[in-house]
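Labels below follow one simple rule: chain letters A, B, ... track the order of the sequence lines, proteins then strands, and each chain is numbered from 1.
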Amino acid sequence: MELRLYDTLSREKRAFVPLDAKNVRMYVCGPTVYDFAHIGNARPVIVFDVLFRLLRHIYGEAHVTYVRNITDVDDKINDRAARDFPGLPLNEAIRKVTELTGKQFHADVDALGCLRPSVEPRATEHIGEMREIIERLVKGGFAYVAEDHVLFSPQAMNAANSLLPEYGALSNRSLDEMIAGARVDVAPYKKGNTDFVLWKPSKSGEPSWPSPAGITAPGRPGWHIECSAMAWKHLGEHFDIHGGGIDLVFPHHENEVAQTCCAFHQQRMANYWMHNGFLQVEGEKMSKSLGNFTTIRDLLSDWPGEVLRFQMLMTHYRSPIDWTRHATEQASIALDGFQQITATASPEHGNVSDEVLGALRDDLNTSQAIASLHQLASRARSGKYQAAADLRATCELLGFGLKDVRLQDILRRQRSDIDEAQINALIAERAAARARKDFKESDRIRDELAAKGVVIKDGRDADGKPVTTWELA
RNA sequence: GGCCACGUGGCGGAGUGGUUACGCAACGGUCUGCAAAACCGUGUACUCCGGUUCAAUUCCGGACGUGGCCUCCA
């Protein structure tokens, strides 16, 4: 069965045909490392991790290259460094910020069950490639130098009568409209008001590198050029899949395409452009001013990463998602069930479900895949060992190890107010009351515990002796 | 203002021109001193208004709502 993917550029779902089945190549825009990643940042990381796993399953682990960059040169990083380490020289402070934030990011996405990409290039380690692309663009007449800046001209790109794509094709907007709608405060050194920066001069104290294109003043790269450079270095001039959040379509990805295609005289940069939908929190957009800026780290203090991963995959990646506590609880309930069903099943005895694979091959339909997991689970519940083993193996493929996802354990961790000794004492009292058939007292104790959110369950142990366990509601 | 996405039952969330998504919750039953869990069973949907069609939740147009981009934010 074929893999079909939705391509933002052609606006259709198409069969995926790799340029080289021995080396399927995917690039995804990674984090700018200046602060804790929030749950919105986690979405592309999780979504493209699933795609990475699927591609490895189809083409073989050794035949997929996944590149996710780390942006470690950026004004926000500089601002954060100056704020957090005012005593240090700026460059040293920047290194501290990027190292610390990078480590946090890795710890967070590891906890979300994401594999590390094949390569995680850093922007600052690819300044040479950026300069080379810029030189090519200047030589080709697509970019020009002005006041120590290098600017890219989309108009020059569209004027070139060649196989190059139209500027604006990816984001579905015309250059004429962009020119007409441009903001008034265009920098004076720009020839056209849609021109964007490839390279700019550094202020004193800022990170700086030798400039390209004959500029003597040291400078630093613009935002978009880094991805063109890193994708080129690690995946080549033309590769299979480029992914990221839908907000990156314009201007970031549009400009990447322009740079790469003009520099290397290519018709396409990536054959499939994939964009995940946006995320809201409890029905509102996430913002620091609303106080609902939810970091991955915050959520991980209450929930296992697998639960968050499952919640993210309940929704198809292109749909908007409203991140709610209620949905987190539902995800937790589902995983708890899967863990209980598969506890005694070994993944080596299982096969990855064809239904689940079929759903994933249909543009990563993870909702459908999860529905199939539930069906496997119900077969496993009715005693089919093979179904349990298959469920286990399929969960593994999706990145769910089903470890430490017992709902009761999670709730007990969250409820620091629970006094287990006191609960056990009450249960012992109740057992005594039941033994003398004082059900009034027995029920009173049940109610007392219920008021604390504790539900008790009467059962029998292996020898048939009555035993009472408790759970949090 | 321009471009775009989304709007499904109590909740989450797939999908489809005419036939049960799936899960959670709810309800009924078995079980239980009573419960819980487990198992069995049941119900309710496609924002609104037009159009196309034998037939639309599904296609087209419009309205309303939510969100995104156009301001180096995933």
Distance between P atoms of B/C24 and B/G41 (Å, rounded): 14 Å
Provide the distance between the two P atoms, one in B/C6 and one in B/A74, to the nearest whole Å. 23 Å
What pairs with A/A393 under side chain to side chain contact (heavy atoms under 4.5 Å, CB included), at least two apart in sequence or on another chain? none
Nucleic acid contacts - residues 36-45 of chain A versus RNA chain B, non-hydrogen atoms under 4.0 Å: A/H38, A/G40, A/N41
Rounding to an integer number of angstrom, what distance separates B/C54 and B/U20 when you compare their C1' atoms? 25 Å
Face-on cation placement of A/R318 at A/Y6 ring, 6.0 Å and 45° thresholds: yes
Nearest to the side chain of A/K200, which nucleotide is it out of B/C72, B/C34, B/C6? B/C72
If we call it a pair only when both distances are under 3.5 Å in a Watson-Crick or G-U wobble match, what pairs with B/G41? B/C27
Using a cut-off of 4.0 Å on non-hydrogen atoms, how would the nucleic acid contact of A/E329 be classed: base, sugar-phosphate, or nothing? nothing
Is the shortest side-chain N/O distance from A/S319 to OP1 or OP2 of B/C6 below 4.0 Å? no
Ignoring the backbone of A/Q330, work out which of B/C70, B/G12, B/G33 is nearest its side chain. B/G12
Mind checking whether A/F310 and A/H374 have parallel, tilted or perpendicular rings, split at 30° and 60°? perpendicular
For B/G33, is there a stacking contact with A/F439, counting only centres under 5.5 Å and planes under 30°? yes
Mind checking if A/N172 touches a base, just sugar-phosphate, or nothing, with heavy atoms under 4.0 Å? sugar-phosphate
A/F196 vs A/H224 aromatic rings, parallel, tilted or perpendicular, using cut-offs 30° and 60°? perpendicular
A/K285 vs B/G68: side-chain N/O to OP1/OP2 distance below 4.0 Å: yes
Measuring to OP1 and OP2 of B/C39, would you say a side-chain N or O of A/R381 lies under 4.0 angstrom away? yes
Sticking with atom P, work out how far B/U30 lies from B/C34, rounded to a whole angstrom. 11 Å
Is any side-chain N or O of A/S174 closer than 4.0 Å to OP1 or OP2 of B/G2? no
Strictly below 4.0 Å: does A/K76 bring a side-chain N or O up to OP1 or OP2 of B/C72? no
With both distances under 3.5 Å as the test, what is the Watson-Crick or G-U wobble partner of B/U66? B/A5
Let me spell it out: for each of A/D247 and A/K440, pick the nucleotide of RNA chain B with the closest heavy atom. Which residue's pick is nearer the 5' end? A/K440
Write down the partner of B/C34 under the Watson-Crick or G-U wobble criteria, each distance required to be under 3.5 Å. none
Of the nucleotides B/C22, B/C11, B/A36, which has the atom closest to the A/Q375 side chain? B/C22
B/U8 to B/A21 separation - C1' atoms, rounded to the nearest Å: 12 Å
So what does A/N365 hit on the nucleic acid, given a heavy-atom distance under 4.0 Å: a base, only sugar-phosphate, or nothing? sugar-phosphate
pair_partner(B/G12), Watson-Crick or wobble, both distances < 3.5 Å, evaluates to B/C22
Mind checking if A/Q280 touches a base, just sugar-phosphate, or nothing, with heavy atoms under 4.0 Å? sugar-phosphate
Separation between the P atoms of B/A38 and B/G23, rounded to whole Å: 14 Å
Between A/D390 and A/Q386, do the side chains contain an N or O donor and an N or O acceptor separated by less than 3.5 Å? yes
From B/C3, B/C70, B/C22, pick the nucleotide closest to the side chain of A/A371? B/C22
Using a cut-off of 4.0 Å on non-hydrogen atoms, how would the nucleic acid contact of A/L279 be classed: base, sugar-phosphate, or nothing? base
Side-chain donor-acceptor contact under 3.5 Å, A/N78 with A/Y34: no
Check the angle between the aromatic planes of A/H242 and A/H253 and answer parallel, tilted or perpendicular using the 30° and 60° thresholds. perpendicular
Stepwise side-chain contact (heavy atoms from CB on, under 4.5 Å) check, A/T295 with A/D35: CA-CA 10 Å; A/T295 64; A/D35 199 356; over 6 Å; no
I need the single residue from A/D363, A/D7, A/D362 that forms a salt bridge (charged side-chain N to carboxylate O under 4.0 Å, His left out) with A/R14. Which is it? A/D7
Would you call the rings of A/F293 and A/H38 parallel, tilted or perpendicular if under 30° counts as parallel and over 60° as perpendicular? perpendicular
Per nearest nucleotide of RNA chain B, the residue lying toward the 5' end, A/H374 or A/C29, is A/H374
Spacing of the P atoms in B/C59 and B/A5 (rounded, Å): 12 Å
As its Watson-Crick or G-U partner within any shown strand, both distances under 3.5 Å, B/C72 has none
Determine the interatomic distance between P on B/U47 and the same-named atom on B/G12; round to the nearest Å. 14 Å
Go ahead and name the base partner of B/A55; Watson-Crick or wobble counts if both distances stay under 3.5 Å, otherwise write none. none
